[in-house]
Amino acid sequence: MISKIVGNITPSATCELEGIIGSMKKDGIDVVALNIGEPDFKTPEAICTACKKALDERKTTYVATAGVPELRQAICHKLLCDNGLSYTTDQICVSTGAKQALFNAVMAVTNPGDEVIIPTPGWVSYVEMVKLVGGIPVCVPCRSDFQLDIEAIIAAVTDKTAAIIINSPNNPTGAVYGLESLKRVAELAVEKDLYVIADDIYEKLIYGEKQHYSIAAISPEIYERTIVINGMSKAYRMTGWRIGYSASPKSIAAGINGMQGHMTSNSTTFVQWSAIEALRNGEAEVKQMVEEFSKRRDYAYERILQLPHVQCTKPDGAFYLLPDLSWYYGKKVGDKVIRDSFDLSEYLLSEYHVAVIPGDAFMAPGTIRIAYTNSMAEIGRGIDRIATALAALSD
Ligand code: PMP
Ligand code: GLU
């Protein structure tokens, strides 16, 4: 029989849907994909070339579990230059995607029965990761503008709280947290002896004036209590390459490294060399991509605002919109009542072939998540379909 822990896991809505859409497309269905958090831009040529070179040089053996020293050095350099954070290579662990780095982090600081605070809306996998290690996820809703509700976070801390997960820019809201609120989280963590897991994966995807702050850089005390998570997937269009990393205090890093040595060992060796290329020389292409995402954000946001009875907060980062469509709950298509975001997303996909993620998967029940990780034309076509689908619902 399957274990209680695994039996209690909800599969990832984002990953599952990607499989379903793949089969629909294979069957010749013209699906407009606004579901997945993956840049539609191709991995830059130089990164691919570095990978081919590493293969030609047969960089295909096991290496140190935490990653080749050259990559860990490149990561230390990035953290210093971009984030003002000083780490040595023994504090870095390169993992199979930021997802594994996050799981390692949760595992490293959570004892069975410990509570982990997750501001919501929040990414699908945080709650499940906490459950997987025997912890208790404590979801704390953000304010209506999707900024952290610090008072609610303070109120949620108990003597069982082990950690808080902070994700800015945020998936799915696109919110970028200001320095003041991060300072308050840092003060709380230091005062109550909590760890902070700072998921910075969307750090470079910010549009407009806002700036990314790394909570670990706020004070030496919070540096000692933070595990920084980042990776190559979003900024360098390397989703399928599976490279992420953590940077943490030495004792935590040693624990993560020891644990990963029993799980996956090192992440794919020749891919690590492409990550070095990306970190050393990839910024120009990141900048170009961010300019394009910024235009798409504006376009998608304006279009969504025109949909009747739909509310939407303008995101400052990542590549998602989280419109509230709850006005349509209780409406019908034929005999079927649209009860919630699952029904609505299912209706949009099955009847109008437009793929979005139900907000319930992010603990944002009134919403759907729209990823603008597709061309402007496809975003337009997708929102046209959503408009038609909403207009077809009746009382
Ligand atoms: N954190 C967040 C908030 C994400 O949206 C994702 C999605 N990929 C990840 C972590 C994991 O990224 P990776 O592809 O590097 O595993
Ligand atoms: N993070 C992306 C998303 O939210 C990719 C899928 C996943 O890893 O969850 O769509």
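Position 1 is the first residue of the sequence, and the numbers go up from there. As the structure lists them, so they are numbered: ligands from 1, and atoms in each ligand from 1.
- With respect to the salt-bridge test (charged N to carboxylate O, under 4.0 angstrom), the residues Asp316 and Lys210 qualify.
- Considering backbone and side-chain atoms together, Asn171 places an N or O closer than 3.5 Å to an N or O of ligand 2.
- Residue Tyr126 touches ligand 1 through its side chain alone, judged by heavy-atom distances below 4.0 Å.
- Contacts between Arg369 and ligand 2, counted as non-hydrogen atom pairs separated by less than 4.0 Å, involve the side chain only.
- Every atom of ligand 1 with a heavy atom of Lys99 under 4.0 Å away is listed here by number and element: 11 (C), 13 (P), 16 (O).
- The cationic atom of Arg296 (NZ for Lys, CZ for Arg) does not lie both less than 6.0 Å from the six-membered ring centre of Tyr372 and within 45° of the ring axis.
- Close approach to Ser233 involves these atoms of ligand 1, each under 4.0 Å from a residue heavy atom: 13 (P), 14 (O), 15 (O).
- Close contacts of ligand 1 with Asn171, meaning ligand atoms under 4.0 Å from a residue heavy atom, involve 3 (C), 4 (C), 5 (O).
- Neither the backbone nor the side chain of Phe319 has a heavy atom within less than 4.0 Å of ligand 2.
- Taking any N or O of Phe362, backbone or side chain, none lies under 3.5 Å from an N or O belonging to ligand 2.
- The shortest N or O to N or O distance between Thr96 and ligand 1 is not under 3.5 Å.
- Looking at Ala98 against ligand 1, both its backbone and its side chain come within 4.0 Å, counting heavy atoms.
- Separation of the Tyr126 and Phe103 ring centroids does not fall under the 6.0 Å cut-off.
- Listed by number with element, the atoms of ligand 1 under 4.0 Å from a non-hydrogen atom of Gly97 are 15 (O), 16 (O).
- In terms of protein heavy atoms, atom 1 (N) of ligand 1 is closest to Asp199 OD2, 2.6 Å.
- Remark: among candidates Lys234, Met232, Glu38, the nearest residue to atom 7 (C) of ligand 1 is Lys234, based on non-hydrogen atoms.
- Salt bridge annotation for Glu38-Arg237: absent, with no cationic side-chain nitrogen under 4.0 angstrom from a carboxylate oxygen.
- What sits closest to atom 9 (C) of ligand 1 on the protein, heavy atoms only, is Trp123 CH2, 3.5 Å.
- A donor-acceptor contact shorter than 3.5 Å links the side chain of Asn167 to the backbone of Asn171.
- Between Phe319 and Phe293, the ring planes are tilted. Angles from 30° to 60° get that label.
- Within the 4.0 Å heavy-atom criterion, the part of Lys99 lying near ligand 2 is the side chain and not the backbone.
- A salt bridge does not link Glu187 with Lys183: none of the charged nitrogens is closer than 4.0 Å to a carboxylate oxygen.
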Practice task
Any chance you could lay out the salt bridge (Lys or Arg N to Asp or Glu O under 4.0 Å) test for Lys25 and Asp30, step after step, and finish with the verdict?
Solution key: CA-CA 6 Å; Lys25 285 185 174 165; Asp30 168 31; over 6 Å; no
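- The nearest protein atom to atom 7 (C) of ligand 2, hydrogens excluded, is given as Thr14 OG1, 3.3 Å; this is a heavy-atom distance.
- Salt bridge Asp159/Lys192: absent, no basic N to carboxylate O contact under 4.0 Å.
- Aromatic rings of Phe146 and Tyr177 (six-membered ring for Trp) have centroids beyond the 6.0 Å cut-off, not under it.
- At least one heavy atom of Arg242 sits under 4.0 Å from some atom of ligand 1.
- When all heavy atoms of Ile243 and Ala275 are compared, the pair lying nearest together is CG2-CB, 4.2 Å.
- Counting atoms of ligand 1 from 1 in the listed order, those under 4.0 Å from a heavy atom of Leu102 are 1 (N), 10 (C).
- In terms of protein heavy atoms, atom 2 (C) of ligand 2 is closest to Lys234 NZ, 3.4 Å.
- In summary, the side chains of Ser248 and Gln91 do not present any donor paired with an acceptor at a separation below 3.5 Å, with no hydrogens or angles considered.
- Heavy-atom distances between Gly231 and ligand 1 stay at or above 4.0 Å for every pair.
- Listed for the Thr373 side chain is a donor-acceptor partner under 3.5 Å among the backbone atoms of Ile36.
- For ligand 1, the atoms closer than 4.0 angstrom to any heavy atom of Asn167 are 3 (C).
- Ligand 2 lies nowhere less than 4.0 angstrom from a heavy atom belonging to Glu16.
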